[in-house]
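Heads up: the structure comes next, in structure tokens.
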Amino acid sequence: MNEEKKINIEDGNEESTVNEELNKEEEVNNAAETADTAQDTPTDDDASDNQENTEEQDELTPLEKAEEQIKVLTDKYLRSVAEFENYRKRTLKEKAELILNGSEKTITAILPVLDDFERAIANQSDDPQVIKEGMELIFHKFTKTLESLGVKKIETSDKDFDVDYHEAIAMVPGMGDDKKGKVIDCVQTGYMLNDKVIRHAKVAVGQ
């Protein structure tokens, strides 16, 4: 009977020893798993570093974009300034040339009329009729030349008085109702250049 108890006690110790070894092995495995989990899981410091890196990237990206945009806008601005400066210089040059040589077309057009005057003066004829005809030819040629340049005469014959075209220098009473407010006589011819009055016609108006 004592032997059975001894065996039972020994069996119990053996089972207890086995259980202890299993428990230790399980603890070791749990510790290893905990270590692996801890290694895979980011710590607060790692999270803080990652957040700082992300914030730094977020700050640099808009800055780089802004710097690039500034470069593009600066380049466009400089180009615009250069183009405007070139345009300004070209305009001033053209304006100066226009002031100096703007009458070139007119002078060139009337030079043939001047030639006719020189030939008429050089003519030694004493016949008044020949001289008159020559002057009339020159006059008509000069009139046609002015018309080609856009100059035309302001008509006054039997026209209603119009302050836009006429300048009244005299009022003529007793001309009748049909002549009231109308141009009676033209003292000085008026002219227009391309539909712009360059000299008003000086007229006498019926009263």
Side-chain angles (χ1 to χ4, degrees), residues 54-125 130-171 181-206:
T54 303
E55 291 178 354
E56 185 176 356
Q57 291 178 356
D58 292 339
E59 290 177 358
L60 289 177
T61 301
L63 180 60
E64 291 175 353
K65 290 181 179 180
E67 289 178 349
E68 185 67 22
Q69 187 175 8
I70 289 173
K71 290 180 181 179
V72 173
L73 294 176
T74 302
D75 182 67
K76 288 183 178 180
Y77 170 74
L78 294 176
R79 289 177 182 272
S80 299
V81 171
E83 290 177 359
F84 176 76
E85 185 65 19
N86 292 334
Y87 168 77
R88 188 182 67 84
K89 291 180 179 179
R90 185 172 64 254
T91 303
L92 290 175
K93 182 179 179 181
E94 291 175 354
K95 184 177 180 181
E97 291 178 352
L98 182 62
I99 293 173
L100 293 174
N101 303 318
S103 58
E104 179 180 356
K105 179 180 178 181
T106 303
I107 299 301
T108 304
I110 65 175
L111 284 179
V113 180
L114 181 61
D115 295 336
D116 289 341
F117 274 116
E118 290 179 349
R119 284 190 288 268
I121 293 173
N123 188 2
Q124 301 295 325
S125 175
V130 173
I131 296 175
K132 181 181 178 181
E133 290 177 356
M135 293 298 294
E136 288 178 350
L137 289 174
I138 295 174
F139 173 76
H140 289 303
K141 185 174 183 178
F142 185 64
T143 302
K144 293 294 184 182
T145 301
L146 290 178
E147 290 178 355
S148 67
L149 296 173
V151 180
K152 61 182 180 180
K153 179 180 177 181
I154 295 177
E155 297 295 334
T156 58
S157 179
D158 201 29
K159 295 290 184 179
D160 292 331
F161 176 74
D162 189 343
V163 294
D164 291 335
Y165 302 99
H166 308 136
E167 179 184 350
I169 61 173
M171 303 296 294
K182 287 186 176 294
V183 175
I184 303 301
D185 186 26
C186 179
V187 179
Q188 186 180 67
T189 305
Y191 291 95
M192 299 176 63
L193 176 61
N194 299 323
D195 297 329
K196 178 183 178 181
V197 177
I198 58 177
R199 188 174 80 178
H200 288 75
K202 294 181 179 181
V203 297
V205 183

For this session: For residues E118 and D115, determine if any side-chain heavy atom of one lies less than 4.5 Å from a side-chain heavy atom of the other.
Result: yes
Exercise. Side-chain contact, heavy-atom cut-off 4.5 Å: F84 with K89?
Worked result: no
Problem set entry | Basic-acidic side-chain contact under 4.0 Å: D75, R79 | yes
Exercise. If you draw a 6.0 Å radius around NZ in K159, do more than 12 non-hydrogen atoms from other residues or ligands fall strictly inside?
Worked result: no
Problem set entry | E133, CD atom: more than 12 neighbouring heavy atoms under 6.0 Å | yes
Exercise. What are the two closest heavy atoms between A120 and I138, and how far apart are they?
Worked result: CB-CD1, 3.9 Å
For this session: Side-chain contact test, heavy atoms from C-beta onward, threshold under 4.5 Å: evaluate it for I110 versus K141 and give yes or no.
Result: no
For this session: Looking only at non-hydrogen atoms, find the nearest pair between Y191 and K153 and report the distance.
Result: CD2-CA, 3.8 Å
For this session: Assess whether side-chain contact (heavy atoms from CB on, under 4.5 Å) is satisfied between F139 and T143, documenting all intermediate values.
Result: CA-CA 6 Å; F139 173 76; T143 302; 3.8 Å; yes
Seminar exercise, completed: Nearest heavy-atom approach of A109 to T145 is O-CG2, 3.3 Å
Problem set entry | Atom of T156, atom of A201 and distance for their closest heavy-atom approach | CG2-CB, 3.8 Å
Exercise. Closest heavy-atom contact between D158 and K182?
Worked result: OD1-CD, 3.8 Å
Exercise. Does the Q188 side chain pair with the main chain of C186, one donor and one acceptor, at a distance under 3.5 Å?
Worked result: no
For this session: For atom CD of E136, decide whether the heavy atoms of other residues, nucleotides or ligands shown that lie under 6.0 angstrom number more than 12.
Result: yes
Exercise. Between K65 and E68, is the closest basic N to carboxylate O distance under 4.0 Å?
Worked result: no
